[in-house]
Amino acid sequence: MEYIVHSIEETHNIAKQIADKLVGGEIILLNGDLGAGKTTFTKGIAKALGIDEVVTSPTFTFMKEYEGRINLYHFDMYRVEEADELYELGLNDYLGMKNGVCVIEWNKFENIKDPIVINIEVIDDTSRKIEVL
């Protein structure tokens with residue numbers, strides 16, 4: 001599916017459509033340039049999962065956990081140099097957990113089975129193309 005959105009609210013609506021179908025164990029890979037809206041999309045998923053906490057990018061901590069209808073494990077691997085770092089930190093243990101969904105920005109994990117892949121492309125200052133694979 002492909003969508004063109006023109007606001008944060010429209011981005012959140014697409015994220016909600018996806019979140020409403022989640023049952024736990026899913027892995028969502030978010031692809032896009034810096035500033036494309038990956039964290040904004042994650043905020044929409046969190047809201048749809050009933051998470052009241054403020055969702056921020058875990059750039060310096062690699063992963064943040066939020067409790068909701070389904071737990072959200074939000075990864076940002078922008079600063080990860082090598083996949084080995086993730087395994088040393090035990091972050092791979094969260095992949096596929098049945099009580100949660102993993103949303104991964106800048107994925108560095110190898111061999112992820114059956115991910116939901118979402119590509120976000122900047123069209124202009126307010127518009128994005130969101131492709132769900």
Stepwise side-chain hydrogen bond (donor to acceptor under 3.5 Å, both in side chains) test for Ser127 and His6: CA-CA 4 Å; Ser127 302; His6 305 284; 2.8 Å; yes

Mind running side chain to side chain contact (heavy atoms under 4.5 Å, CB included) on Leu133 and Glu131 for me, showing each step along the way? CA-CA 6 Å; Leu133 305 173; Glu131 183 180 30; 3.8 Å; yes

Do Met97 and Ile112 sit in one hydrophobic cluster, given that two such residues count as connected whenever their side-chain heavy atoms are within less than 4.5 Å of each other, even indirectly? yes

Take Trp106 and Leu34 through the side chain to side chain contact (heavy atoms under 4.5 Å, CB included) test and state the conclusion after the steps. CA-CA 10 Å; Trp106 305 100; Leu34 280 172; 3.9 Å; yes

Asp93 atom CG: more than 12 heavy-atom contacts under 6.0 Å: yes

When the ring planes of Tyr73 and Tyr94 are compared, do they come out parallel, tilted or perpendicular, using 30° and 60° as the limits? tilted

Excluding sequence neighbours, so at least two apart, what forms salt bridge (charged side-chain N to carboxylate O under 4.0 Å, His left out) with Glu65? none

For Ile123, which fellow cluster members are found when Ile, Leu, Val, Met, Phe, Trp and Tyr are connected by side-chain heavy-atom distances below 4.5 angstrom, either directly or through intermediates? Ile4

Give me the other members of the hydrophobic cluster that Val5 sits in, counting Ile, Leu, Val, Met, Phe, Trp and Tyr linked by side-chain heavy atoms under 4.5 Å, directly or via other members. Met1, Tyr3, Ile14, Ile18, Leu22, Ile28, Leu30, Phe41, Ile45, Leu49, Ile51, Val55, Tyr66, Ile70, Leu72, Val101, Val103, Ile116, Ile118, Ile120, Ile130, Val132

Looking only at heavy atoms, what is the nearest atom pair of Ile27 and Gly96, with distance? CD1-N, 3.9 Å

Closest heavy-atom contact between Gly44 and Ala15? C-CB, 3.7 Å

Output every pair passing side-chain hydrogen bond (donor to acceptor under 3.5 Å, both in side chains) with a member in residues 37-55, not counting sequence neighbours, ordered by first then second residue. Thr39-Glu105

Atom CD of residue position Glu2 - does it have more than 12 heavy atoms of other residues, nucleotides or ligands inside 6.0 Å? yes

Provide the full list of side-chain hydrogen bond (donor to acceptor under 3.5 Å, both in side chains) pairs with a residue in residues 14-36, sequence neighbours left out, each pair given once. Lys16-Asp20, Asn31-Asn119

Phe62 atom CZ, over 12 foreign heavy atoms within 6.0 Å: yes

What do the steps show when you test Ile104 against Leu95 for side chain to side chain contact (heavy atoms under 4.5 Å, CB included), and what is the final call? CA-CA 10 Å; Ile104 304 173; Leu95 299 179; 3.9 Å; yes

Specify the closest pair of heavy atoms between Pro58 and Lys64, including all atoms of both residues, with the distance to one decimal. CB-CG, 3.6 Å

Side-chain hydrophobic cluster, 4.5 Å single linkage: members besides Val54: none

Arg128 side chain vs Ala36 backbone, donor-acceptor pair below 3.5 Å: yes

Looking at NE2 of His74 and OG of Ser57, how far apart are the two atoms once the value is rounded to the nearest 0.5 Å? 5.5 Å

Closest non-hydrogen atoms of Met77 and Phe109, given as atom of the first, atom of the second and distance, are CE-CE1, 2.8 Å

